[in-house]
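Down below is the structure, laid out as structure tokens.
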Amino acid sequence: MVCPASLLSTSLAIYLLRNSAPPSQSFVLSPFSLDTALAIINDGAGGATQAELTNLLLNGCSASDVTALYASLASSLLIRNKTGVTFNSANRFYVDTSVSYCYKKRLANINFTFFQVESIQFSQKVEAANEMNKFVNDATNGMIKDVISPDGISNDAKAILINAIYFLGKWQIPFDPRFTDPRTFHGVNGDRKIPFMHSGSSFRINLDNDIGTVLIMEYVDPKYSFFYLMPNKSSNVGTMLNGLTGERLQSVLKGATRRNVHITVPKMKIKSKLDGVELLSKMGVKSLFSNGADLSKISSSPLKVSKITHSAVFEVDEKGTEAAAATMVEVAFMSKTIYLPPPITIILDRPFLFGVRRNDEILFIGQYV
């Protein structure tokens, strides 16, 4: 059976968002960052632990399919700012100095060859937290500074896996900041005045569906795009998200066609943080956090995951999008726009879903309410 990896990863992105925040809260996460960290752990797991992770990451596929997908994605995304898009993904396994060389060697032999193994003394919690936070700060271009605090390192920590990503995308058609003005956004918690950006040009849209308004904006590198999905007035973000599947989302996005449109969209800046253990436990991953965890491909000694923290920062302005995310797993032993009278007007002044994609893969997904 061929594994429908793209469809399954889209479904997982929706599932993660649905279980991460209530519909009354603006929120953003990076499925790519979180899933990559979990895929690395999955590659070092066995038995029921690996089965639960594999079913979460690519339900119905094999553990080798998980490794192939995320290793391939991580490799293809290692680009520099040559095409108006910068995407950096950095993975680092910090291993306590008390851990044997054999343990470190096992980590280095995990199929994910794009991460580094570094020795660190976890008992020196302040110094250890500073070193890990510096790694995240550098990898995310300063957008995320403190992914872990000294008291967030448990006394029995033996290894901490950190995945940090940074995205900077310049719009193919930038907004003219001279036209940005304050307008009313009809949010879940009441109306509020926020800056809105305006543009009149050719964009991909889909208004002919039963879900809502789809607007897709390309970055300078056309492999990357930003999508908005605002539910119909008779619905809301929570209801739409509960009924949304990976297949339906991909379908409405693929159904978007290029039209001459005048758009009005809000500037956004969202910071989010989630407890990965709580989230994944709700989604059926239990063994990984129990004393029965099987991480035998990492260590012959009993190990379990005691902490997963995911942080994300997302900003959209006239030039483009800047975003970053970091996931920590602890193992215990944006030119002027020419305005023309457009035939279609789209105003995104109600709560909506949004995301950044590379081709069909969702790198970031969130809700703005």
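Numbering starts at 1 and runs along the sequence shown. Note that the structure is a prediction, hence the values are computed from the model and not measured.
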Does Asn130 use its side chain to pair, donor to acceptor, with the backbone of Val126 at less than 3.5 Å?
yes

Between His310 and Ala325, is there a donor-acceptor pair closer than 3.5 Å when you use the side chain of the first and the backbone of the second?
no

Nearest heavy-atom pair of Ile270 and Ser272: which atoms, and what distance?
CG2-OG, 3.7 Å

Has Ser26 got a side-chain atom pairing as donor or acceptor with Val369's backbone, closer than 3.5 angstrom?
yes

Is it true that atom NZ of Lys282 has more than 12 heavy atoms of other residues, nucleotides or ligands lying nearer than 6.0 Å?
yes

Does one hydrophobic cluster hold both Leu241 and Leu8, with members joined at side-chain heavy-atom distances below 4.5 Å?
yes

So for atom NZ, which belongs to Lys286, do other residues, nucleotides or ligands contribute more than 12 heavy atoms lying within a distance under 6.0 Å?
yes

In this structure, is the centre-to-centre distance between the rings of Phe352 and Tyr368 below 6.0 Å?
yes

Shared ILVMFWY cluster between Leu7 and Leu56, side chains joined below 4.5 angstrom?
no

Check for me, please, whether Val85 and Ile216 land in the same ILVMFWY cluster - side-chain distances under 4.5 Å, paths through other members count.
yes

Look at the side chain of Arg92 and the backbone N and O of Met132, then say whether any donor-acceptor pair between them is shorter than 3.5 Å.
no

More than 12 heavy atoms from other groups under 6.0 Å of CD on Glu247:
no

Quick one about Gln250 and Thr10 (side-chain donor to acceptor, distance below 3.5 Å, no hydrogens or angles considered), yes or no?
yes

Do Phe87 and Phe32 make the cut of ring centroids closer than 6.0 angstrom?
yes

If we ignore hydrogens and angles and just use 3.5 Å, is the side chain of Asp294 paired with the main-chain N or O of Ala48 as donor and acceptor?
no

State, without any angle test, whether Thr239 and Asn242 hold a side-chain donor-acceptor pair at a distance under 3.5 Å.
no

So, for Tyr70 and Leu12, which heavy atoms are closest and what is the spacing to 0.1 Å?
OH-CD2, 4.4 Å

Taking Arg248 for the side chain and Gly243 for the main chain, is one N or O donor matched with an acceptor at less than 3.5 Å?
yes

How about Tyr219 and Phe167: are their ring centroids closer than 6.0 Å?
yes

Is any side-chain heavy atom of Leu53 less than 4.5 Å from a side-chain heavy atom of Val66?
no

Can you spot which of Arg258, Lys170, Arg357 makes a salt bridge (charged side-chain N to carboxylate O under 4.0 Å, His left out) with Glu218?
Arg258

Do side-chain atoms of Thr321 reach the backbone of Val316 as a donor and acceptor pair under 3.5 angstrom?
no

Go through the steps for Gln50 and Lys297 under the test side-chain contact (heavy atoms from CB on, under 4.5 Å), then give the verdict.
CA-CA 11 Å; Gln50 186 179 66; Lys297 297 176 188 175; 3.4 Å; yes

Are there more than 12 heavy atoms of other residues, nucleotides or ligands under 6.0 Å from atom CG of Asn359?
yes

Please answer whether the main-chain N or O of Val237 pairs with a side-chain N or O of Arg350 as donor and acceptor at a distance below 3.5 Å.
no

What distance separates Ile346 CD1 from Tyr228 OH, expressed to the nearest 0.5 Å?
11.0 Å

For residues Thr184 and Asp349, is any side-chain donor paired with an opposing acceptor at under 3.5 Å?
no

Hydrogens and angles aside, do Ser33 and Asn163 bring a side-chain donor and acceptor to less than 3.5 Å of each other?
yes

For Val28 versus Ala312, what's the shortest heavy-atom pair and its separation?
O-CB, 3.7 Å

Heavy-atom pair with the smallest gap, counting every atom of Val188 and Pro23
CG2-O, 3.8 Å

Salt bridge check, Lys158 against Asp156: does any charged N sit closer than 4.0 Å to a carboxylate O?
no

Taking a hydrophobic cluster as the set of Ile, Leu, Val, Met, Phe, Trp and Tyr residues connected by side-chain heavy atoms closer than 4.5 Å, whether directly or through intermediates, do Ile173 and Val220 fall within one such cluster?
no

I need the Leu253 CG to Ser225 OG distance, nearest 0.5 Å.
7.5 Å

Distance-only polar pair, side chains of Asn232 and Ser234, donor-acceptor under 3.5 Å:
no

Determine whether a donor-acceptor pair (N or O, by modelled atom type, separation under 3.5 Å) exists between the side chain of Glu318 and the backbone of Phe175.
no

Restricting to non-hydrogen atoms, name the atom on Lys273 and the atom on Val147 that form the minimum distance, rounded to 0.1 Å.
NZ-O, 4.0 Å

Looking only at heavy atoms, which two atoms of Leu29 and Ser20 are closest? And how far apart?
CD2-OG, 3.4 Å

Around atom NZ of Lys271, are there more than 12 heavy atoms of other residues, nucleotides or ligands at under 6.0 Å?
no

Of Ile120, Ile40, Ile160, the residue whose pairing with Phe93 passes side-chain contact (heavy atoms from CB on, under 4.5 Å)
Ile40

Counting only heavy atoms not in Asp208, do more than 12 sit closer than 6.0 Å to its CG atom?
no

Check whether any side-chain N or O of Asn209 sits under 3.5 Å from a backbone N or O of Gly212 as a donor-acceptor pair, and report yes or no.
yes

Verify the cluster assignment for Ile344 and Val214: are they in a single hydrophobic cluster under the rule of side-chain heavy atoms below 4.5 Å apart?
yes

